[in-house]
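Lettering of chains follows the sequences in order, A, B, ..., and the numbering in each one begins at 1.
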Amino acid sequence: MGAPCVPCQGEEMRYSRMFIPTIKETPSDAEVASHRLLLRAGYMRQLGAGIYSYLPLLKRVLSKVESIVREEMNAIGGQEFFLPALHPKEVWEESGRWEVMGQNMFRFKDRKGADLGLGMTHEEIFTYIARDELRSYRQLPQTWYQIQTKFRDEPRPKSGLLRVRQFTMKDSYSFDLDQAGLDKSFDAHREAYVKIFGRCGLSFVQVEAHSGSMGGSASTEFMVRTNAGEDDVAACPKCGYAANTEKATSRVAKIEDEKGPDKPELFPTPGVRTIEDLTKPPFNVAAHRQIKTLVYAADGKPVLALVRGDQELNEAKLQGATGANEVRPAHPEEIQEWMGAAAGSLGAVGKDTGAPFEGRIWADLSLQGRENMVTGANKDEHHLKGVTPGRDFQPKWADLRTAMAGEGCPRCEGTLDLFKALEIGHIFKLGTKYSESMGAKVLDEKGQEKPIIMGSYGIGVERVAAAAVELYHDEDGIRWPLSIAPFHATVLSLQARDPEVGAAAEKLVGQLEEAGVETLYDDRDERPGIKFKDADLVGIPLRFAVGKKGLAEGKVELKIRGEKEMRLLTIEEAVAEAKARVDKARAR
RNA sequence: CGGGGCGUAGCGCAGCCUGGUAGCGCACCUGCCUUGGGCGCAGGUGGUCGGAGGUUCAAAUCCUCUCGCCCCGACCA
């Protein structure tokens with residue numbers, strides 16, 4: 001961080017004048033560490049569900065994250081914009097997403113009755129500009145970005161800053177003439193993101209992801225491994241394969257079945273409602289020998305999804321396989337009407353011919369080649385045994401199951417691990433989804449009209465800060481990485497009324513500022529204990545304590561937040577040490 | 001959208017079942033005291049009990065409706 005360095009250079013910040021409302025008691029409804037600590041340490045306050053006010057300390061952290069993002073985006077040729085958050089309906093209708101976004105978009109009418117939405121992402125708005133202004137391949141490629149507030153009416157805001165309804169996002173968009181250009185833009189972003197998150201001090205992984213309602217061909221998520229996260233990642237420690245479980249595939253061991261009868265046989269199963277019930281006596285059918293039959297509505301039309309009894313269906317994969325816009329579990333009444341039986345006794349046998357399921361049965365690949373299995377008979381409290389997929393019914397084969405820990409890696413001989421993770425960034429190859437629907441085209445060198453090939457790339461700014469807190473905290477408070485801490489250093493005057501202590505503290509603060517070390521000077525007339533507690537809670541990396549004890553030897557005390565040792569240094573040594581650490585963090 | 005929980009002083013909570021003067025701790029203010037890990041003593045300030053309606057002589061407490069927040073699930077660019 002050189003010249004454009006953010007908030008404060010050469011300024012002197014006195015704790016007694018700064019608004020840092022720390023609280024001793026833990027707010028009762030804060031569950032995750034970042035939520036609890038950001039509230040307690042005076043970084044933010046809640047205004048409503050998923051709506052937070054950012055206080056001065058948090059604003060400083062976010063500004064630092066944004067500066068790092070800006071530097072790295074500019075370094076790959078990104079140009080900063082600032083687009084409206086207020087979007088007329090018509091723009092979103094062009095891409096079809098006014099409909100697709102559903103309740104997740106905040107919507108309202110203006111005084112004239114016109115429909116407006118609050119921006120939840122900006123593909124449409126950037127494409128609108130590109131469509132009007134980009135005419136020739138000579139103008140490509142372009143990389144445009146902004147750091148802006150997004151609004152999403154989340155069904156369930158939670159976990160403090162991790163899932164909110166208003167937040168700051170760096171979003172960028174690349175415009176290229178061809179696929180090779182997109183690949184370059186995508187890779188440039190990937191490298192920029194690695195630098196950004198690295199400079200922010202985060203440890204993170206890149207994982208293959210599902211594109212969701214963004215559309216497009218490929219996407220990579222940047223994830224921080226933490227139990228506070230809401231995503232599940234399957235990863236192979238051996239080859240590095242990592243994917244969101246929405247997308248992850250796996251290798252399952254082949255199961256050899258015993259030969260069964262030539263055709264399915266009906267048998268009564270009184271009281272059996274679940275896979276587990278069937279595994280118990282007197283039936284004793286192992287879960288992996290059962291076919292789990294799930295009834296879904298895909299864009300309103302019935303489909304059957306089959307997975308092994310010991311596996312879970314992945315709805316995102318089912319949606320992909322069916323090509324539907326929306327899939328949902330069928331309601332009990334629909335199940336009764338379509339299947340003629342209630343959940344618990346459902347099966348695919350006999351359903352592949354005739355309405356409503358003809359040609360609409362999908363089965364997971366792990367059922368391929370299996371025989372002599374057990375499944376529901378579509379007659380309450382009855383099942384069929386000796387069922388062989390492909391003989392007794394004809395499904396369409398697809399990867400439908402959710403990958404599980406302990407299954408084989410799809411890329412190598414390794415075994416998959418599963419862990420919770422928090423998404424802090426996501427990069428997408430969009431292709432022509434928006435340029436085609438909105439008519440963003442350029443002429444190529446042969447004079448041919450071509451839709452612009454687009455990419456879209458996001459970083460959740462608050463999530464970067466919250467992820468840092470999740471990753472780096474202890475029972476006393478936050479332990480910020482130096483690069484995004486609200487201040488590099490804090491100086492505590494332990495006996496604020498003692499003139500000698502005050503003078504030494506002021507001298508140290510002055511020299512630190514001069515050396516470019518952002519310093520919070522705790523000049524309050526408080527007991528030392530309060531200052532130590534607050535310093536730990538707020539989490540500033542370098543803590544200098546100036547007190548009578550040390551001054552007796554002409555020294556001040558340095559403690560690095562999160563480390564045990566304290567060191568006694570002269571003021572000159574202290575300043576040199578702080579400067580060295582800060583310069584090193586900036587150089588990264 | 002389904003299930004559960006909670007709204008009483010700035011924060012954390014008790015009181016509610018069994019209706020009858022609204023309480024405790026922290027914070028805050030004043031004074032004294034204390035000063036290397038959220039001191040001590042004394043005295044204070046502060047509450048339409050989320051809102052509306054109802055029952056009752058009387059409602060924080062019982063009933064109805066409503067708003068908000070949190071958790072689990074569903075959903076989630």
Side-chain angles (χ1 to χ4, degrees), chain A residues 21-32 35-36 39-42 45-51 92 95 97 100-105 117-124 150-160 162-165 167 169 171 173 209-216 219 221 229-231 244 246 315-316 319 326-329 331-332 423 425-428 430 433-434 456-460 475-477 492-498 501 522 524-538 543-552 556-557 559 566 568:
Chain A
T22 59
I23 39 186
K24 246 191 278 189
E25 284 164 301
T26 302
S28 63
D29 48 17
E31 303 258 313
V32 303
H35 187 193
R36 177 168 37 87
L39 286 173
R40 281 196 58 208
R45 289 294 182 260
Q46 182 172 13
L47 184 61
I51 311 174
W92 283 77
S95 69
R97 289 208 298 181
V100 172
M101 289 309 186
Q103 291 295 107
N104 255 340
M105 191 175 199
L118 291 180
M120 46 197 301
T121 176
H122 280 73
E123 280 74 17
E124 281 79 359
K150 302 286 192 256
F151 298 89
R152 295 183 186 177
D153 194 359
E154 292 288 343
R156 187 146 93 81
K158 59 183 287 199
S159 304
L162 297 187
R163 186 161 214 81
V164 290
R165 297 196 291 173
F167 61 100
M169 180 187 251
D171 49 324
Y173 305 86
H210 183 68
S211 303
S213 70
M214 296 293 285
S219 78
E221 287 170 331
E230 298 185 277
D231 285 283
N244 195 305
E246 287 176 350
E315 289 190 4
Q319 182 183 359
E326 186 222 348
V327 299
R328 60 160 174 86
H331 304 308
E423 179 188 355
H426 201 158
I427 56 180
F428 296 89
L430 294 177
K433 176 179 159 109
Y434 298 91
S456 153
Y457 317 89
I459 290 177
E475 60 277 13
D476 293 320
L492 316 185
S493 72
L494 297 183
Q495 294 84 23
R497 290 178 185 173
D498 184 307
V501 170
D522 192 344
R524 292 176 298 170
D525 184 16
E526 293 285 1
R527 301 171 61 80
I530 289 181
K531 298 190 178 189
F532 287 129
K533 288 289 185 190
D534 276 340
D536 287 345
L537 185 58
V538 168
R543 188 192 81 189
F544 295 101
V546 181
K548 281 190 207 158
K549 265 190 207 170
L551 286 181
V556 297
E557 173 189 296
K559 183 168 181 297
M566 303 186 189
L568 279 176

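Residue A/Lys158 has a polar side-chain atom (N or O) positioned under 4.0 Å from OP1 or OP2 of B/C72. OP1 or OP2 of B/C70 lies within a sub-4.0 Å distance of a side-chain N or O belonging to A/Gln46.
With B/G36, B/C69, B/G12 as the candidates, the nucleotide lying closest to the side chain of A/Gln495 is B/G36. Residue A/Arg497 places its side chain closer to B/U34 than to any other of B/G12, B/C69, B/U34. The side chain of A/Glu25 sits closest to B/G12 out of B/G36, B/G12, B/C72.
Not counting sequence neighbours, A/Phe544 has no partner by the ring-ring contact (aromatic ring centres under 6.0 Å, His included) test. Checked against side chain to side chain donor-acceptor pair (under 3.5 Å), A/Asp231 has the following partners two or more places apart in sequence or in another chain: A/Asn244.
Counting non-hydrogen atoms under 4.0 angstrom, A/Gly458 reaches nothing in the nucleic acid.
Base pairing analysis places B/A60 opposite nothing; no Watson-Crick or G-U wobble pair with both distances below 3.5 Å involves it. For B/G43, the paired nucleotide is B/C29, the pair qualifying as Watson-Crick or G-U wobble because both relevant distances are below 3.5 Å. A 3.5 Å limit on both hydrogen-bonding distances identifies no Watson-Crick or G-U partner for B/C16.
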(Q) Before you tell me yes or no, could you show the steps for A/Glu230 and A/Lys158 under salt bridge (charged side-chain N to carboxylate O under 4.0 Å, His left out), namely the whole-Å CA-CA distance, both residues' side-chain angles and the distance that decides it to 0.1 Å? (A) CA-CA 10 Å; A/Glu230 298 185 277; A/Lys158 59 183 287 199; 3.6 Å; yes
Tabulated below should be each protein N or O lying under 3.5 Å from an N or O of nucleotides 37-44 of chain B; please produce it.
unit_1 : atom_1 : unit_2   : atom_2 : d
B/G37  : O6     : A/Arg543 : NH1    : 3.0
B/G37  : O6     : A/Arg543 : NH2    : 3.4
B/G37  : N1     : A/Asp536 : OD2    : 3.1
B/G37  : N2     : A/Asp536 : OD2    : 2.3
B/G38  : O2'    : A/Lys24  : NZ     : 3.2
B/G38  : O6     : A/Arg40  : NH2    : 3.4
B/G38  : N1     : A/Asp534 : OD1    : 3.0
B/G38  : N2     : A/Asp534 : OD1    : 3.1
B/G38  : N2     : A/Asp534 : OD2    : 3.2
B/C39  : O4'    : A/Arg527 : NE     : 3.4
B/C39  : N1     : A/Arg527 : NH1    : 3.4

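For the pair A/Leu47 and A/Asn104, nearest-nucleotide mapping onto RNA chain B gives the more 5' position to A/Leu47.
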